[in-house]
Amino acid sequence: MKVYNFVLVGTTMCTAGEFSLNDLAGGAGRLDIACRFVNSCFFLSHSLRRNVRCYLHLLGEPEPPKTVLFEGANLRYLNPDERSAGSLIKKALSVDVGEGWARSTPGVYVSGMTFAQLIEALGSDFMVLLSEDGADIRTSRLSASDELTFILGDHRGLPAPLEQHLLERGVDKLSVGPLSLHADHCVVLVLNELDRLEAGWR
Ligand SMILES: C[S@@+](CC[C@H](N)C(=O)[O-])C[C@H]1O[C@@H](n2cnc3c(N)ncnc32)[C@H](O)[C@@H]1O
């Protein structure tokens, strides 16, 4: 089965577990966006996408950078409400980190690696920056790889130095449509494109 990686860069999102689940959009630095992103990565009507990995690269205070990884193959205790994802993120952000992956709960890991280290570690041969000004995703060869990685920005977009880093690595920019959408909605559209390809619809 193909593996799909989704990376969200959260420019303001909290990097310690001290935030309140009642204030995900405020005091937690827009972690509500990350929670919806996680849900879009995994939830089908009555099951989870086990072939997806979701990386939340968080750059907010007080301990940036931190990356929380949700790995579909081993994921447990995730329910479709935002507070459920928020609670798993909160637990992960309470774990001590180094440059490797530390396990938090089943299928959830956390690391203190930099963006460059994360991109290096992902190393998939098909890596895409999703961007409003990218080429139409329907013109790209999504079917050519067994592991695909999609990188997205948050409400502020991807920071320019990170975009520059990706472009210098030869990463392509692709767009899912002519309008600027929320990151979690882009994930749903990309997964739909991949589902259609896998099912032989195009
Ligand atoms: C809310 S948008 C960013 C908003 C916008 N860049 C800004 O700050 O004015 C969040 C992310 O979703 C992705 N995105 C939004 N619309 C897209 C589109 N039409 N095609 C591909 N990616 C898109 C991009 O990765 C973007 O950084």
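Just follow the structure's listing: the first ligand is 1, and inside any ligand the first atom is 1. The figures here come from the full heavy-atom set of this structure, side chains too, leaving out hydrogens, waters and symmetry mates. Please read these numbers as outputs of a predicted model, since none were measured by experiment.
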J.: Atom 2 (S) of ligand 1: which protein heavy atom is closest, and how many Å away?
T.: Leu181 O, 3.3 Å
J.: Any N or O of Gly153 that comes nearer than 3.5 Å to an N or O of ligand 1?
T.: yes
J.: Is the shortest N/O to N/O distance between His155 and ligand 1 below 3.5 Å?
T.: yes
J.: Under 4.0 Å from any heavy atom of Leu152, which atoms of ligand 1 are there?
T.: 25 (O)
J.: Linking Ile, Leu, Val, Met, Phe, Trp and Tyr by side-chain heavy atoms under 4.5 Å, what else ends up with Tyr55?
T.: Val7, Val9, Leu59, Leu69, Trp101, Tyr109, Met113, Phe115, Leu118, Ile119, Leu122, Met127, Leu129, Ile151, Leu158, Leu162, Leu166, Val171
J.: Can you confirm whether Gln117 is buried at CD, in the sense that more than 12 heavy atoms of other residues, nucleotides or ligands lie under 6.0 Å from that atom?
T.: yes
J.: Ligand 1 and Asp154, any nitrogen or oxygen pair closer than 3.5 angstrom?
T.: no
J.: Within a distance under 4.0 Å of any heavy atom of Gly177, pick out the atoms of ligand 1 and give their elements.
T.: 19 (N)
J.: Under 4.0 Å from any heavy atom of Arg156, which atoms of ligand 1 are there?
T.: 8 (O)
J.: Protein heavy-atom contact under 4.0 Å for atom 22 (N) of ligand 1?
T.: yes
J.: Test His57 against every option in Thr67, Asp154, Thr114, Thr11 by the side-chain hydrogen bond (donor to acceptor under 3.5 Å, both in side chains) rule and name the one that passes.
T.: Thr67
J.: If the test is side-chain contact (heavy atoms from CB on, under 4.5 Å), which one of Glu198, Arg196, Glu193 qualifies with Leu142?
T.: Glu193
J.: Taking heavy atoms and a distance under 4.0 Å, where does Leu179 meet ligand 1: side chain, backbone, both or neither?
T.: backbone
J.: Are any of the N or O atoms of Ile151 closer than 3.5 Å to those of ligand 1?
T.: no
J.: Between Arg141 and Asp172, does at least one N-O distance fall below 4.0 Å, as a salt bridge requires?
T.: no
J.: Please write down residue, atom name and distance for the protein heavy atom closest to atom 13 (C) of ligand 1.
T.: Cys186 SG, 3.8 Å
J.: Could you tell me which non-hydrogen atom of Asn5 sits nearest to which non-hydrogen atom of Thr149, and how far apart they are?
T.: ND2-OG1, 3.0 Å
J.: Taking only Lys NZ, Arg NE, NH1 and NH2, and the carboxylate oxygens of Asp or Glu, determine whether Arg103 and Glu71 approach each other closer than 4.0 Å.
T.: no
J.: Applying the side-chain contact (heavy atoms from CB on, under 4.5 Å) test to Met13, which of Ile89, Leu56, Leu93, Ile33 qualifies?
T.: Ile33
J.: Starting from atom 5 (C) of ligand 1, locate the nearest protein heavy atom and write down its residue, its atom name and how far away it is, to 0.1 Å.
T.: Glu132 OE2, 3.6 Å
J.: How about CG on Asp96, more than 12 heavy atoms from neighbouring residues, nucleotides or ligands closer than 6.0 Å, or not?
T.: no
J.: Side chain, backbone, both or neither: which part of Ser175 has a heavy atom under 4.0 Å from ligand 1?
T.: both
J.: Identify the protein heavy atom lying closest to atom 25 (O) of ligand 1, giving its residue, its atom name and the separation to 0.1 Å.
T.: Leu130 O, 2.6 Å
J.: Using a 4.0 Å heavy-atom cut-off, which part of Ser131 comes near ligand 1: side chain, backbone, both, or neither?
T.: backbone
J.: Against heavy atoms of Leu174, which atoms of ligand 1 measure under 4.0 Å?
T.: 21 (C)
J.: Which residue holds the protein heavy atom closest to atom 20 (N) of ligand 1, what is that atom called, and what is the gap in Å?
T.: Val176 N, 3.0 Å
J.: Could you tell me which non-hydrogen atom of Glu63 sits nearest to which non-hydrogen atom of Thr15, and how far apart they are?
T.: N-OG1, 2.7 Å
J.: Quick check against the 3.5 Å criterion: does Ser111 have a side-chain atom that pairs as donor or acceptor with the backbone of Gly100?
T.: yes
